[in-house]
Asker: 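First, the structure itself, so that you have it in front of you.
By convention in this document, chain letters (A, B, ...) are assigned in the order of the sequence lines, proteins followed by strands, and residues within each chain are numbered from 1. Just the heavy atoms: all of them, side chains too, but no hydrogens, waters or symmetry mates, feed the values below.
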Number of protein chains: 2
Amino acid sequence: MRITVDRLSPVPLYFQVAEQLEQAIADGTLGAGERIANEIALAADLGLSRPTMRQAIQVLVDKGLLVRKRGVGTQVVSGRVHRPLELTSLYDDLSHAGQEQTTQVLALERRAPSDDVAAELGLPEDAEVWFLERLRSVAGEPLAHMRNHIPCSVIDLAGADLEHDGLYRLLRASGVVMRVARQRISARRADPAEARMLEEKRGAPLLTMERIAYDDAGRAVEYGVHAYRPDRYAFESTLVDR
Amino acid sequence: MRITVDRLSPVPLYFQVAEQLEQAIADGTLGAGERIANEIALAADLGLSRPTMRQAIQVLVDKGLLVRKRGVGTQVVSGRVHRPLELTSLYDDLSHAGQEQTTQVLALERRAPSDDVAAELGLPEDAEVWFLERLRSVAGEPLAHMRNHIPCSVIDLAGADLEHDGLYRLLRASGVVMRVARQRISARRADPAEARMLEEKRGAPLLTMERIAYDDAGRAVEYGVHAYRPDRYAFESTLVDR
DNA sequence: CAGTGGTCTAGACCACAAC
DNA sequence: TTGTGGTCTAGACCACTGC
């Protein structure tokens, strides 16, 4: 268990420490249930101030990897580590998993938003949105049917290559920084058209996700309504009580 | 927009400020997109140090209510506020909503865990668990079918009144402090017995949730497998990019 | 009692955005 | 250039735990 910090690096000190602690947990150097040294000793060892060391530990507490208990100490949480539910697109999820995937664009057009879409995005009545409908497949097997609405004021999607770029990637590339997303996950029966697209039986169960994403100015930038084949997709997350 | 702090209160200063800021956002005193004063000015106004003021703001950033942008300022995120997905039981969720609910205990027994349950909870082979199976209804309508496994070393459920006390409430009352939960949400068809219980048609879609909860010592204390009627339940959450 | 994390202070320098 | 949030320091006192 060796941690080093590089004060010349542009990477924040607390982040350097958090990364190395996380690695130690991932590779078993710090085992489940094990207690780490107290904050003051750790800070002294690394030549850091205590607040900086605390910040490093807090990162891992927020990820659900460590638990702190006043008067006792800080311990590693048991159990294998899941990938946390992050603010990324499905495209990123699958890219990270190394799966071969394809995206078919079923529709891409400007339109006046319906009342509920305008309400979700907080748009005036005369605003226009891009409507995007896609079918995503992995290894040739259909996985998700996605419908998205993006205010035209956010990005110009005319001619965008959405078969090869994820929507979130395009938004990032055009300077939109996603910060917050609110989502709702449930389930329903597939309607006949959707069942055909996803190569499911009529009335098959689908996992559904509705999401509104906001950028770093607090502006709603995307409203998505997705449906997934539940045998091929699930949402994993870690909740932390603070 | 008036915030006051009480230095004699046992409530931390940063928390007092966070609560009042959240209230101002909830009641519209701070509107969507509005910018708040900078950290240093706010700290000075309230007679606090800047780190304390930052900590207060960070609480709301983590809740997805505020976004910070370096060089610019801190703004209120647009859109109506959803209740965040917290580390509570379904019992608490529904109590807060003020709904009348009932719970039927279908099974409560000690048993040797199956291999996968033992693995999820990180238990030795000779350990025993409480197996608990319940059906929860709201306003007379069945809502969820829940199966839970709790190591016998965590709590003694013999004679527990699980028709009237939530499982999490019992655990808290016996000194178990929940800190972290890892969960997986998906969907599947109801099997015939489940469909009958939930008063659904054969093969109806169900929303499923698997969860392992850990206490403040990092110990796995509960493994739950739940199924919900999707027309009556959904998971809402707010994701924040940090 | 000793040891731990929780909170708080009063500064400092920096990177970045907007003008 | 000015103002913002991001990071960092070197302390302090307190509450809680376990012995």
Asker: Please report the distance, rounded to the nearest Å, between CD1 in Ile40(A) and C1' in dT4(C).
Answerer: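 Distance check: Ile40(A) CD1 to dT4(C) C1' gives 8 Å.
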Asker: Considering residues at least two apart in sequence or located in another chain, which fulfil the ring-ring contact (aromatic ring centres under 6.0 Å, His included) criterion with Tyr14(A)?
Answerer: none
Asker: Which donor-acceptor pairs under 3.5 Å do side chains of residues 65-72 of chain B form with protein atoms, sequence neighbours excluded?
Answerer:
residue, atom, partner, partner atom, Å
Arg68(B), NH1, Glu39(B), OE2, 3.0
Arg68(B), NH2, Gln58(B), OE1, 2.2

Asker: Can you sort out the partners of Ser49(A) under side chain to side chain donor-acceptor pair (under 3.5 Å), two or more places apart, ordered by chain and number?
Answerer: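 Side chain to side chain donor-acceptor pair (under 3.5 Å) list for Ser49(A), sorted by chain: Thr52(A).
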Asker: Less than 6.0 angstrom separating the ring centers of Tyr228(A) and Phe235(A), yes or no?
Answerer: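 So the answer is yes for these two rings.
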Asker: Return a single string for nucleotides 7-15 of chain C, one symbol per nucleotide in 5' to 3' order, where B is base contact, S is sugar-phosphate-only contact and - is none, cutoff 4.0 angstrom on heavy atoms.
Answerer: BSBB-B--B
Asker: Rounded to whole Å, how long is the line connecting atom CD of Gln58(A) with atom P of dG5(C)?
Answerer: 12 Å
Asker: Taking side chain to side chain contact (heavy atoms under 4.5 Å, CB included) as the test, write out the residues that go with Ala24(A), two or more places apart.
Answerer: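 In terms of side chain to side chain contact (heavy atoms under 4.5 Å, CB included), with neighbours along the sequence ignored, Ala24(A) is linked to Met1(A), Thr29(A), Leu30(A).
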Asker: Looking at Thr74(A), does any N or O in its side chain come under 4.0 Å of the phosphate oxygens OP1/OP2 on dT4(C)?
Answerer: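 Looking at the OP1 and OP2 atoms of dT4(C), neither is under 4.0 Å from any side-chain N or O of Thr74(A).
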Asker: Whole angstroms only, please: what is the CZ-P distance between Arg179(B) and dG5(C)?
Answerer: 14 Å
Asker: Holding to side chain to side chain donor-acceptor pair (under 3.5 Å), I want the full list of residues that pass it with Arg147(B), two or more places apart in sequence or in another chain.
Answerer: none
Asker: Check whether any side-chain nitrogen or oxygen of Asn38(B) sits under 4.0 Å from OP1 or OP2 of dG3(D), and answer yes or no.
Answerer: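 So the side-chain polar atoms of Asn38(B) never come under 4.0 Å of the phosphate oxygens OP1 or OP2 of dG3(D).
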Asker: Rounded off to whole Å, could you give me the CG-to-C1' distance for the Leu66(A) and dT4(C) pair?
Answerer: 15 Å
Asker: Rounding to a whole Å, what distance do you find between Asp216(B):CG and dC16(D):P?
Answerer: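 Atom-to-atom, Asp216(B) to dC16(D), this comes out as 14 Å.
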